[in-house]
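Structure record follows, encoded as structure tokens.
All residue numbers refer to positions in the sequence shown, counting from 1.
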Amino acid sequence: MNWDQVKGNWKQFKGNVQAQWGELTDDDLDQIDGNREVLEGKIQERYGKSKEEAKEEVDRLMTEEA
């Protein structure tokens, strides 16, 4: 799955995101609205991850969903 597919199906995909990163609120998910950079930023903010760690975690989720 590529990010364009995620963006187009955000309402369905955000459940997977919340399962992976349970500290993200519904408001966070609404703000992310399929934007990968915003998602990575929220992961950094909530979990104290570096930019690279957040990117790697999102990449990992993408390969699991493929």
Side-chain angles (χ1 to χ4, degrees):
M1 179 177 287
N2 67 41
W3 197 258
D4 287 334
Q5 291 171 308
V6 169
K7 200 170 172 180
N9 296 305
W10 180 246
K11 288 186 193 274
Q12 292 83 8
F13 191 75
K14 70 182 182 179
N16 298 348
V17 170
Q18 195 157 39
Q20 179 72 29
W21 298 286
E23 290 184 26
L24 296 179
T25 66
D26 287 335
D27 285 343
D28 290 333
L29 295 172
D30 289 342
Q31 288 174 3
I32 293 165
D33 194 32
N35 184 317
R36 182 181 174 132
E37 290 179 4
V38 176
L39 171 60
E40 291 172 3
K42 292 290 185 186
I43 293 167
Q44 287 176 263
E45 182 182 303
R46 290 278 189 271
Y47 292 91
K49 305 272 184 181
S50 71
K51 184 174 183 140
E52 187 59 35
E53 287 172 321
K55 181 184 181 317
E56 288 172 5
E57 288 189 13
V58 173
D59 287 344
R60 199 170 312 118
L61 179 65
M62 297 299 295
T63 57
E64 290 172 2
E65 295 300 316

Does Glu53, at its CD atom, have more than 12 non-hydrogen atoms belonging to other residues, nucleotides or ligands within less than 6.0 Å? yes
For Glu40 and Ala54, the nearest pair of non-hydrogen atoms, with its separation, is O-CB, 3.6 Å
Who are the side chain to side chain contact (heavy atoms under 4.5 Å, CB included) partners of Asp4, not counting sequence neighbours? Asn2
What residue pairs, at least two apart or across chains, pass side-chain hydrogen bond (donor to acceptor under 3.5 Å, both in side chains) with a residue in residues 10-25? Lys14-Asp30, Asn16-Glu65, Trp21-Glu57, Thr25-Asp28
Where do Leu24 and Leu39 land on the side-chain contact (heavy atoms from CB on, under 4.5 Å) test, with the steps shown first? CA-CA 9 Å; Leu24 296 179; Leu39 171 60; 3.9 Å; yes
Under the rule for salt bridge (charged side-chain N to carboxylate O under 4.0 Å, His left out), what residues qualify as partners of Asp59, not counting sequence neighbours? Arg36, Lys55
